[in-house]
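Protein chains get the first letters and strands the later ones, always in sequence-line order, with residue 1 at the start of each.
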Amino acid sequence: MKLVTWNVNSLTARWERVEEWVQRNEPDVLCLQETKQDDAKFPFEGFAALGYEAVHHGEGRWNGVAIASRVGIDEVRRGFGTKEDADGARMIAAVCGGVEVVCCYVPNGRALDDPFYVKKLAWLDALAADVGHVDADRALAVVGDFNVAPADLDVWDPAALEGSTHVTPPERDRVAALCALGLVDVIRSTHGDEQLFTWWDYRNGAFHRGFGMRIDLVLCSARILDGVERAYVDREARKGQKPSDHAPVVVDFKLTAPR
DNA sequence: ATGTCCCAACTTTTGGGA
């Protein structure tokens, strides 16, 4: 199964790029964040023409998450059913081809002294509560834009980010807490100490200067990790005309039998 | 210190957010 997460920064603005990327890369399951559409505007027909069923948790101007699948979509959930759902349309989950997929757009946090930073931490706590215990026979992938760089290796210059969100111990502790439940950061676990980024600011020529962060993650259960054949960031998708500021993260795996 | 992009609207310019 080829599972992909991609923050597209408006699916309206990005549709041609997404369509082309899907045709070229043929993912089985595509998780999208920041669709920035309401459900009426979401391109259900466009995905159907490509051979995908899609589900969307839309909002309008901000946020919005979706899952497109060509291996089935069942047991769809939109939000946690907790007060954190008031922070926007940021989570959609479904079972696709026997895999539990949780697609997340974690609140940015804005600044350390901003109320949204506290909401970001609470949202990550709600996600951990929603995930629950990850036992050995569970096939689960929690993916998306976490707006957290798990380690200093995951940012171009830790010193430049002092006092900013995305790198603070409380944020990183939340990602570590998800891993403590039984999830593994697939890109990190398959790439040793290689520095890889998934997001580069549009400003400052950041992409070409290598000023990026790895904030888009695929966290998966041991059962998924067992079958991983390839995991990578598609930097090419950040190039060219009208790119998103995020690159897709791709994990290709064979679903193994329960342990 | 902030050089871009995207969206909405009291919409053709501005402000919020990332």
Side-chain angles (χ1 to χ4, degrees), chain A residues 5-21 31-43 46 56-66 84-92 103-124 127 143-150 154-168 170-172 174-175 197-217 233-249:
Chain A
T5 181
W6 191 6
N7 180 324
V8 293
N9 183 22
S10 169
L11 190 52
T12 309
R14 214 66 57 210
W15 175 248
E16 286 185 18
R17 291 288 304 246
V18 171
E19 191 175 35
E20 184 205 15
W21 194 91
C31 297
L32 301 174
Q33 301 87 36
E34 285 205 88
T35 61
K36 295 184 175 177
Q37 294 170 324
D38 57 24
D39 292 339
K41 206 168 183 189
F42 185 85
H56 184 224
H57 183 26
E59 181 177 320
R61 183 174 183 179
W62 306 114
N63 310 314
V65 284
E84 281 70 28
D85 293 348
D87 297 334
R90 296 178 177 276
M91 178 278 209
I92 189 166
C103 171
C104 301
Y105 175 49
V106 177
N108 174 288
R110 300 184 183 176
L112 301 190
D113 60 357
D114 192 299
F116 276 82
Y117 176 73
V118 179
K119 289 190 175 195
K120 177 182 194 174
L121 301 179
W123 199 94
L124 284 162
L127 173 60
V143 312
D145 177 359
F146 282 75
N147 274 315
V148 180
D154 299 314
V155 303
W156 83 99
D157 182 1
L161 289 165
E162 269 202 30
S164 308
T165 60
H166 295 55
V167 297
T168 65
E171 291 165 279
R172 288 176 169 171
R174 265 62 180 193
V175 173
F197 301 144
T198 65
W199 171 86
W200 300 260
D201 201 308
Y202 284 123
R203 295 168 289 190
N204 268 330
F207 180 66
H208 293 101
R209 296 163 75 183
F211 299 169
M213 291 195 237
R214 191 174 69 91
I215 57 177
D216 299 270
L217 307 177
V233 179
D234 183 9
R235 286 182 83 256
E236 297 302 309
R238 181 62 178 76
K239 302 177 182 176
Q241 293 290 328
K242 275 178 72 99
S244 170
D245 45 356
H246 295 251
V249 180

**Prompt:** What pair of heavy atoms forms the shortest contact from A/Ala247 to A/Asp234, and how long is it?
**Reply:** CB-O, 3.5 Å
**Item:** Minimum-distance nucleotide (side-chain atoms of A/Trp62 versus B/dC7, B/dG16, B/dA18)
**Value:** B/dG16
**Item:** Nearest-nucleotide pick for A/Tyr105, side chain only, options being B/dC7, B/dC6, B/dA18
**Value:** B/dA18
**Prompt:** Mind checking whether A/His246 and A/Trp199 have parallel, tilted or perpendicular rings, split at 30° and 60°?
**Reply:** tilted
**Request:** Using whole Å, report how far NE2 of A/His246 lies from C1' of B/dC6.
**Result:** 13 Å
**Asked** Atom CD of A/Gln37 and atom P of B/dC6: how far apart are they, to the nearest Å?
**Response** 13 Å
**Prompt:** Are A/Arg14 and B/dC6 close enough that a side-chain N or O sits under 4.0 Å from OP1 or OP2?
**Reply:** yes
**Prompt:** When you compare B/dT12 with B/dA8, how far apart are their C1' atoms, in angstrom units rounded to a whole number?
**Reply:** 14 Å
**Message:** If I pick the P atom on B/dC6 and the same atom on B/dC10, what distance separates them, to the nearest angstrom?
**Reply:** 23 Å
**Request:** Pick the P atom in B/dT14 and in B/dA1, then give their distance to the nearest Å.
**Result:** 25 Å
**Gap between atoms CZ and C1', on A/Arg203 and B/dG16 respectively (whole Å)** = 12 Å
**Nearest non-hydrogen partners of A/Val148 and A/Lys120, listed with the distance** = CG2-CE, 4.0 Å
**Asked** For B/dA18, does OP1 or OP2 lie under 4.0 Å from any side-chain N or O of A/Lys36?
**Response** no
**Asked** Rounded to whole angstrom units, what separation is found between the CZ atom of A/Arg209 and the P atom of B/dG3?
**Response** 12 Å
**Whichever of A/Ser10 and A/Gly205 has its nearest DNA chain B nucleotide further upstream toward 5'** = A/Gly205
**Request:** Grab the OH-C1' distance between A/Tyr202 and B/dT2 for me, whole Å please.
**Result:** 16 Å
**Message:** Once you apply a heavy-atom cut-off of 4.0 Å, does A/Asn108 come out as touching a base, just sugar-phosphate, or nothing?
**Reply:** sugar-phosphate
**Item:** Nearest-nucleotide comparison on DNA chain B, the residue closer to the 5′ end among A/Ala13 and A/Glu34
**Value:** A/Ala13
**Message:** Rounded to whole Å, please give me the gap between CG in A/Asp201 and P in B/dG17.
**Reply:** 17 Å
**Asked** Rounded to whole angstrom units, what separation is found between the CZ atom of A/Arg90 and the C1' atom of B/dA18?
**Response** 11 Å
**Asked** Of the nucleotides B/dC6, B/dG17, B/dA8, which has the atom closest to the A/Arg61 side chain?
**Response** B/dA8
**Request:** Go through the steps to decide whether A/Glu236 and A/Lys239 satisfy the test salt bridge (Lys or Arg N to Asp or Glu O under 4.0 Å), and finish with yes or no.
**Result:** CA-CA 5 Å; A/Glu236 297 302 309; A/Lys239 302 177 182 176; 3.0 Å; yes
**Asked** Between atom CH2 in A/Trp199 and atom C1' in B/dT4, what is the gap in whole Å?
**Response** 11 Å
**Prompt:** For atom P, what is the distance between B/dC7 and B/dT2, given to the nearest Å?
**Reply:** 26 Å
**Request:** Give the ring-plane orientation class for A/Trp200 versus A/Phe207, where under 30° counts as parallel, over 60° as perpendicular and anything between as tilted.
**Result:** perpendicular
